[in-house]
Amino acid sequence: MSESHWVDWNKNTQSKDYRGSGSFSTFIIIGPVCFFLGILFAQFPYDFPLLWTSEPVPATYYDFLETHVKFLHASPLIISRILNIVIFVGLLGFFMKLFRPAESNVLFDGASLILYVIGVGVYTSNIVKGMRTITAGIWDMEDFAGIKHDGPVSGEVILGREDTMKVLSASNTILAMVLVGVLVLQAGQWYAESKEKDDFAKGDKKDKKNDGQQQQQQQLVEDKKSQ
């Protein structure tokens, strides 16, 4: 099997151009991830009654939640632009770390990028679409009757109001788990680098010890010859 040319197999965690857990690119990855986790944490009190309790949800709560979602979706345009900028900042960090990457970057940062892209997909396909659906208020239309399916075989499935809000809350939870997975992988990279650094230090210490013993033996041999 031929080795991938875009991976620098000669680079390791001790290389000067290695972009590891302590690099600036890691900072601009963790920053956006923590930023979105903070937003999801602020949304958690609204999602909790729908997913994390067995108590029945009153109909008035759905009215309150619908108003809340409409308020979020009606935020000024600068809010959505800031969110898009933060998303692309995170992607930039991954591209920086994966430019001529080492094997560690491929394993940890590559997997993190996959999770990050999945998170972006959940955000655009489920969360944004769910907020648009709730804002449109299609359930108030006279011809709407529960679940709607356009087309005989394939088409768009439109759920009822309560189910749409539950899907939106579940999407928030899935997104939070994906982002936590990114943090776990980045922490795993830091741990692997620390262990490898310790191994290098032990190896250097052992080499120096062996060199010292060899020098002592050579000195003894030279002393015997001189005698």
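A quick note: this is a predicted structure, and the numbers were derived from the prediction, not measured. Values below: every heavy atom of this structure, side chains too, minus hydrogens, waters and symmetry copies.
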Determine, using the 4.5 Å side-chain heavy-atom cutoff (strictly less than), whether [X] and [Y] are members of one ILVMFWY cluster.
X      : Y      : answer
Phe108 : Phe27  : no
Leu77  : Val86  : no
Tyr61  : Phe44  : yes
Val128 : Val117 : yes
Leu175 : Leu91  : yes

Any side-chain heavy-atom pair of [X] and [Y] under 4.5 Å:
X      : Y      : value
Leu168 : Thr164 : no
Ile134 : His73  : no
Pro49  : Glu55  : no
Met96  : Ile28  : yes
Leu83  : Phe36  : yes

Practice task
Verify side-chain contact (heavy atoms from CB on, under 4.5 Å) between Leu51 and Thr173, making sure each step is shown before the conclusion.
Solution key: CA-CA 9 Å; Leu51 299 176; Thr173 303; 3.7 Å; yes
Problem - Ring geometry between Phe64 and Tyr46 (parallel below 30°, tilted from 30 to 60°, perpendicular above 60°) - result: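 Ring orientation of Tyr46 relative to Phe64: parallel.
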Closest heavy-atom contact between [X] and [Y]?
X      : Y      : value
Pro32  : Ile29  : CD-O, 3.3 Å
Gly181 : Leu115 : C-CD1, 3.7 Å
Ser171 : Val122 : O-CG1, 3.7 Å
Asp47  : Ser169 : OD1-OG, 2.9 Å
Pro101 : Val106 : CG-CG2, 3.9 Å

So how far is it from [X] [atom1] to [Y] [atom2], rounded to the nearest 0.5 Å?
X      : Y      : atom1 : atom2 : result
Asn172 : Met177 : CG    : CE    : 13.0 Å
Leu65  : Leu50  : CG    : CG    : 6.0 Å
Leu179 : Ile174 : CG    : CD1   : 12.0 Å
Ser112 : Leu107 : OG    : CG    : 10.5 Å
Ser80  : Leu72  : OG    : CG    : 12.5 Å
Ile127 : Arg132 : CD1   : CZ    : 12.5 Å

Exercise for the section: Answer yes or no: is there a donor N or O on one side and an acceptor on the other, between the side chain of Tyr116 and the main chain of Phe94, under 3.5 Å? Expected result: no
Exercise for the section: Output yes when a side-chain donor or acceptor of Tyr62 lies under 3.5 Å from a complementary backbone atom of Met165, and no otherwise. Expected result: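 No: the side chain of Tyr62 does not pair with the backbone of Met165.
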Handout entry: Under-4.0 Å salt bridge between Lys70 and Glu66
Key =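 Between Glu66 and Lys70 there is a salt bridge, with a charged N closer than 4.0 Å to a carboxylate O.
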Fill in the blank from the handout: Note: with side-chain heavy atoms under 4.5 Å as the link, the other cluster members for Phe71 come out as none
Exercise for the section: List the steps, then state whether side-chain contact (heavy atoms from CB on, under 4.5 Å) holds for Leu183 with Leu37. Expected result: CA-CA 11 Å; Leu183 293 181; Leu37 282 175; 3.6 Å; yes
Handout entry: Ser23 and Lys97 side chains, donor-acceptor separation under 3.5 Å
Key = no
